[in-house]
Amino acid sequence: MKTLDPIREKIKNHPCYCEKAHKKYARLHLPVAPKCNIQCNYCNRKFDCVNESRPGVTSKVITPDEAVEIFLKYKVILKNLSVVGIAGPGDPMANPYETLKTFEMIRNIDDGINLCLSTNGLELSKYIKEIKFLKIEHITITINAVDEKIGSNIYKYVKTDNRTYKGEEGAKILIERQIEALSLLVNEGVIVKVNTVLIPGINSAEISSIARIIKRYGGFIHNIIPLIHPEDRSTFFSRSGIKPPSEADLMLARVESALKMGGTSKVMKHCKQCRADAVGMLHEKTVI
Ligand code: CLF
Ligand code: SF4
């Protein structure tokens, strides 16, 4: 029997990491993580984390125990369920107890399910041991800039270790932590996806540099998602007159990334910017 290489083996039934798999497999998002530790200028905190979602919709927050009940329900209903993810509605690692407890209970029930995490990366390096132990093998880090000057236009503040950092100082800490986590996780065999929110005039010229860093540290795939304003225009960027990218802007950014990442297969194109409580196949709009 033909065996796949270890990475292909790990992504073959993950609907986000493998384009073919998204037509076959379902994911379940468990919204156990309400708090966040940074403030992105495209987020107003009323909605799900925009890094892995679309604004204008909210997710209710559930406890780890409720999350396990929901998992057990969908494990029966969805025969093609292959991934359980935590992606908000805030940042999973700003809620480490709820996130890790949920994954621990699910791992004890199901040793084979893919556990998946999407985070801004600020606190990720602190939990490498737990990630390894729980066999969380798919992690997304949202990296919107690798230059702190550009980052300072995207992040209003960064809170860590009981302090709040602003401007370039805050962005520098976040970027360093993101790259550190990317490198540590890849060394541990975790498949790391990097999301970038494309913000015209703010980070459009930064896409190649981000892709170069992803490639250098062994990230698996780059997912460039468009900035979307919430309908109530309540974010800093929506009030500042920054427009979402056009289809052409998005295509150009993806080409620039592909040139650095080593091909178009290394740039995700089928992301649906789904909610933190989404369930089912990626194209479905069902929530838990
Ligand atoms: Fe969920 Fe994200 Fe895991 Fe996928 S979503 S935590 S990696 S299982 Fe997928 Fe949804 Fe796009 Fe995310 S389509 S928003 S990339
Ligand atoms: Fe909002 Fe997510 Fe940014 Fe936190 S990381 S401020 S929840 S978009």
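In this text, all values refer to a predicted model and were calculated from it rather than measured experimentally. Ligands are counted one by one from 1 in listed order, and the atoms in each one are counted from 1 as well. As a basis for the values below, the full set of heavy atoms in this structure was taken, side chains included, without hydrogen atoms, waters or symmetry mates. Sequential numbering from 1 along the given sequence is applied to the chain's residues.
- Within the protein, the N, O or S atoms sitting under 2.8 Å from atom 1 (Fe) of ligand 2 are C43 SG.
- The backbone N or O of S82 sits nowhere less than 3.5 Å from a side-chain atom of R27 that would complete a donor-acceptor pair.
- When hydrogens are left out, the protein atom nearest atom 15 (S) of ligand 1 is K193 NZ, 3.2 Å; that is the closest non-hydrogen contact.
- Using bins of under 30°, 30° to 60° and over 60° for the plane-to-plane angle, the ring pair H138/H14 lands in the tilted bin.
- Under a hydrophobic-cluster definition in which Ile, Leu, Val, Met, Phe, Trp and Tyr are linked whenever side-chain heavy atoms come within less than 4.5 Å, directly or via other members, I139 and I214 are assigned to the same cluster.
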| task | Start with the C-alpha gap between T119 and D91, add the side-chain angles, then the distance that decides, and say whether side chain to side chain donor-acceptor pair (under 3.5 Å) holds. | result | CA-CA 6 Å; T119 167; D91 185 77; 3.0 Å; yes
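- At a heavy-atom distance under 4.0 Å, only side-chain atoms of M268, from C-beta outward, approach ligand 1.
- Rounding to the nearest 0.5 Å gives a distance of 7.5 Å between NE2 of H222 and CE of M261.
- Distance check: F237 CZ to I199 CD1 gives 4.5 Å after rounding to the nearest 0.5 Å.
- With waters neither drawn nor counted, the protein N/O/S atoms under 2.8 Å from atom 1 (Fe) of ligand 1 amount to 1.
- Distances below 4.0 Å separate heavy atoms of L282 from the following atoms of ligand 1: 13 (S).
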| query | Are K23 and L282 close enough, and set up right, to give a side-chain contact (heavy atoms from CB on, under 4.5 Å), and what steps lead you there? | reply | CA-CA 8 Å; K23 297 191 180 116; L282 296 192; over 6 Å; no
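- Counting all heavy atoms, side chain and backbone alike, S125 lies closest to E180 at OG-OE1, 3.1 Å.
- One N or O on the side chain of R254 and one on the backbone of I224 form a donor-acceptor pair closer than 3.5 Å.
- A side-chain hydrogen bond (donor to acceptor under 3.5 Å, both in side chains) with N120 is found for one member of T142, N51, N37 and no other, namely N37.
- The protein non-hydrogen atom at the shortest distance from atom 11 (Fe) of ligand 1 is C271 SG, 2.3 Å.
- A salt bridge links E9 with K12: at least one charged nitrogen is closer than 4.0 Å to a carboxylate oxygen.
- Considering all non-hydrogen atoms of both residues, V61 and P89 come closest at CG2-CG, 3.8 Å.
- Of all protein heavy atoms, the one lying nearest to atom 13 (S) of ligand 1 is K272 N, 3.4 Å.
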